[in-house]
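Below you'll find the structure, written out as structure tokens, and then a few comments.
Numbers restart at 1 for each chain; the letters A, B, ... are given by sequence-line order, proteins then strands.
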Number of protein chains: 2
Amino acid sequence: MPTVSSEELAAAAGVNSAKLRKDFSYLGSYGTRGVGYDVEYLVYQISRELGLTQDWPVVIVGIGNLGAALANYGGFASRGFRVAALIDADPSMAGKPVAGIPVQHSDELESIIRENGVHIGVIATPAGAAQEVCDRLVAAGVTSILNFAPTVLSVPDGVDVRKVDLSIELQILAFHEQRKAGEEAAARTAAGVPAPAATNATDGAERTSATDQGPDGDVPAVMPA
Amino acid sequence: MPTVSSEELAAAAGVNSAKLRKDFSYLGSYGTRGVGYDVEYLVYQISRELGLTQDWPVVIVGIGNLGAALANYGGFASRGFRVAALIDADPSMAGKPVAGIPVQHSDELESIIRENGVHIGVIATPAGAAQEVCDRLVAAGVTSILNFAPTVLSVPDGVDVRKVDLSIELQILAFHEQRKAGEEAAARTAAGVPAPAATNATDGAERTSATDQGPDGDVPAVMPA
DNA sequence: GACTGTGAAACTGTTCACAGCA
DNA sequence: TGCTGTGAACAGTTTCACAGTC
């Protein structure tokens, strides 16, 4: 399949073709009228725009179950990430290979970062250690941090942090599950009990049920502490 | 602190107070004019709306590093999730306790689901096994699936799937990292090279740098295959 | 006086619909 | 003729600003 139309791509992605064309147009005019998009060229252009053509060395700090899972995760290499080092505070881990990479002790953290020109760090430590690790990473030159520890990290301006909460996706599922149950109940009791306030409390958040398996706005932005 | 104002909450959440008040108003009128929101009551109302007051039994299928990490994750219990069972296809895992819960063989999958009234399943298997596990979960009564395997699952209507890709967050960081580098370069070359197309290609996506550490719309919705 | 709740205004994002090109 | 690229219409979201209540 050398070319693809916006219609085909849109169907595969579960969006409408106008949106897809408009989005692509922001990257440039990479399509051909009457024909569609050249697949190979399009993939290259999008990859470049997203930074997939670059090599990003990353370090993973905290080699417990999660750190090991991340180290073994195959998806990284194909997206331009290279695990430059695995770091753990436990001296008995030092030297042990995980996913074929020997674990290094956290004393080495600063020199590893500097020698490999690492800008991206992954924190998979227990909550208690996360802020200290974060501070050391930043001091050594890391400017982007992916945090799996259940703490909010404070960082200086210019450093990006993204926090991944493994339970938030479950919570979103439970939220919809609850709605499903509620709708059944409402359907049974001919005229359901009205919601306390505005009618759009029960808004159009039904999933498209199409190919939509991604994390996106399905839940109010504000959560309890 | 018995009560809290929309202003205080908004500052803590990194949003503006009007938005917060409007959002809360969709749940009902739980505040008091001149006073603010009663913290305990507010937490309860939001928890209820999000389904946190319910007990959700979940099963985790695939007890490798990631499955074990999930089983050990403390955040689940506090959000109303109860790990009803751990399931793995490897017979040598059977009976072995992980996070204090004995692993069960996948032959038991259907009976575990039925006996525990499980509606939510977590798939942490290799990609190859995911669709089969998914089909069995659905056949046994699961209607919400959290998929960590790098495959898109097909499910019948009425079943929710959320796919978690551990590398997508890294990719978002790399995307911003690339922009940081690009901006520096542009700043150095007095008048930077113009983007191929529209001016808003480089849009206002700078992170607020405030308390914003969550996954939210920072990246185009359409990704390469 | 302080703070919520909410219409209306401003803005942002999506979809339509079609001119323009291969 | 078929499909992109894009102004213009539309829809949805956020913010303003203030009336209403404690």
Side-chain angles (χ1 to χ4, degrees), chain A residues 1-43 45-46 49 195-208 210 212 214 216-222, chain B residues 1-43 45-46 49 195-208 210 212 214 216-222:
Chain A
M1 198 180 206
T3 67
V4 66
S5 72
S6 61
E7 201 66 59
E8 292 167 293
L9 275 178
V15 299
N16 99 9
S17 66
K19 179 170 186 343
L20 189 133
R21 286 201 302 280
K22 183 144 260 182
D23 283 359
F24 281 10
S25 78
Y26 291 128
L27 306 178
S29 292
Y30 298 140
T32 310
R33 290 165 197 233
V35 178
Y37 298 90
D38 181 86
V39 172
E40 199 184 342
Y41 186 54
L42 182 65
V43 166
Q45 289 297 346
I46 296 177
E49 187 72 23
T199 40
N200 49 347
T202 313
D203 62 65
E206 285 95 71
R207 316 209 91 206
T208 52
D212 174 13
D216 32 36
D218 296 50
V219 145
V222 176
Chain B
M1 199 181 206
T3 67
V4 66
S5 72
S6 61
E7 201 67 59
E8 292 167 292
L9 275 178
V15 297
N16 99 5
S17 65
K19 178 171 186 346
L20 189 134
R21 288 201 300 282
K22 183 143 262 182
D23 283 0
F24 281 10
S25 78
Y26 292 128
L27 306 177
S29 292
Y30 299 139
T32 311
R33 288 163 196 232
V35 178
Y37 298 89
D38 181 86
V39 172
E40 199 183 343
Y41 185 55
L42 182 65
V43 166
Q45 289 296 347
I46 295 177
E49 186 72 23
T199 39
N200 49 347
T202 314
D203 62 65
E206 284 93 73
R207 317 209 91 207
T208 52
D212 175 12
D216 32 38
D218 295 50
V219 144
V222 177

Exercise for review: Tell me, please, which residues at least two apart from A/S17 pass side chain to side chain contact (heavy atoms under 4.5 Å, CB included).
Suggested key: A/S6, A/E7, A/A10, A/R21
Review point. Does the side chain of B/Y30 get closer than 4.0 angstrom to OP1 or OP2 of C/dC3 through an N or O atom?
Key: no
Practice item. Please state whether the phosphate of D/dT4, meaning OP1 or OP2, lies under 4.0 angstrom from any side-chain nitrogen or oxygen of A/S6. Key: yes
Study note, to complete from the structure: Value for NZ (B/K22) from CG (B/N16), rounded to nearest 0.5 Å, stands at 11.5 Å
Practice item. Please find out if less than 6.0 Å separates the ring center of B/Y41 from that of B/Y30. Key: yes
Check your understanding: With a 4.5 Å heavy-atom cut-off, do A/T3 and A/T32 have their side chains touching?
Key -> no
Exercise for review: Report yes if some heavy atom in the side chain of A/L42 is under 4.5 Å from a heavy atom in the side chain of A/L9; otherwise report no.
Suggested key: yes
Review point. Taking atom P of D/dT15 as reference, at what distance in whole Å does atom CD of B/E7 sit?
Key: 13 Å
Review point. Rounded to whole angstrom units, what separation is found between the CG atom of A/L9 and the P atom of D/dC3?
Key: 13 Å
Practice item. Measure across A/L27 and A/E49 and return the closest heavy-atom pair with its distance rounded to 0.1 Å. Key: CD2-CG, 3.4 Å
Check your understanding: If the sugar-phosphate is the primed atoms plus P, OP1 and OP2 and the base is the rest, what is the B/S/- string for nucleotides 14-22 of chain C, using protein heavy atoms under 4.0 Å?
Key -> SBBB-BBBS
Review point. Dot-bracket for DNA chain D, 5' to 3', counting Watson-Crick or G-U wobble pairs under 3.5 Å, with [ ] for crossing pairs and | for inter-strand pairs?
Key: ||||||||||||||||||||||
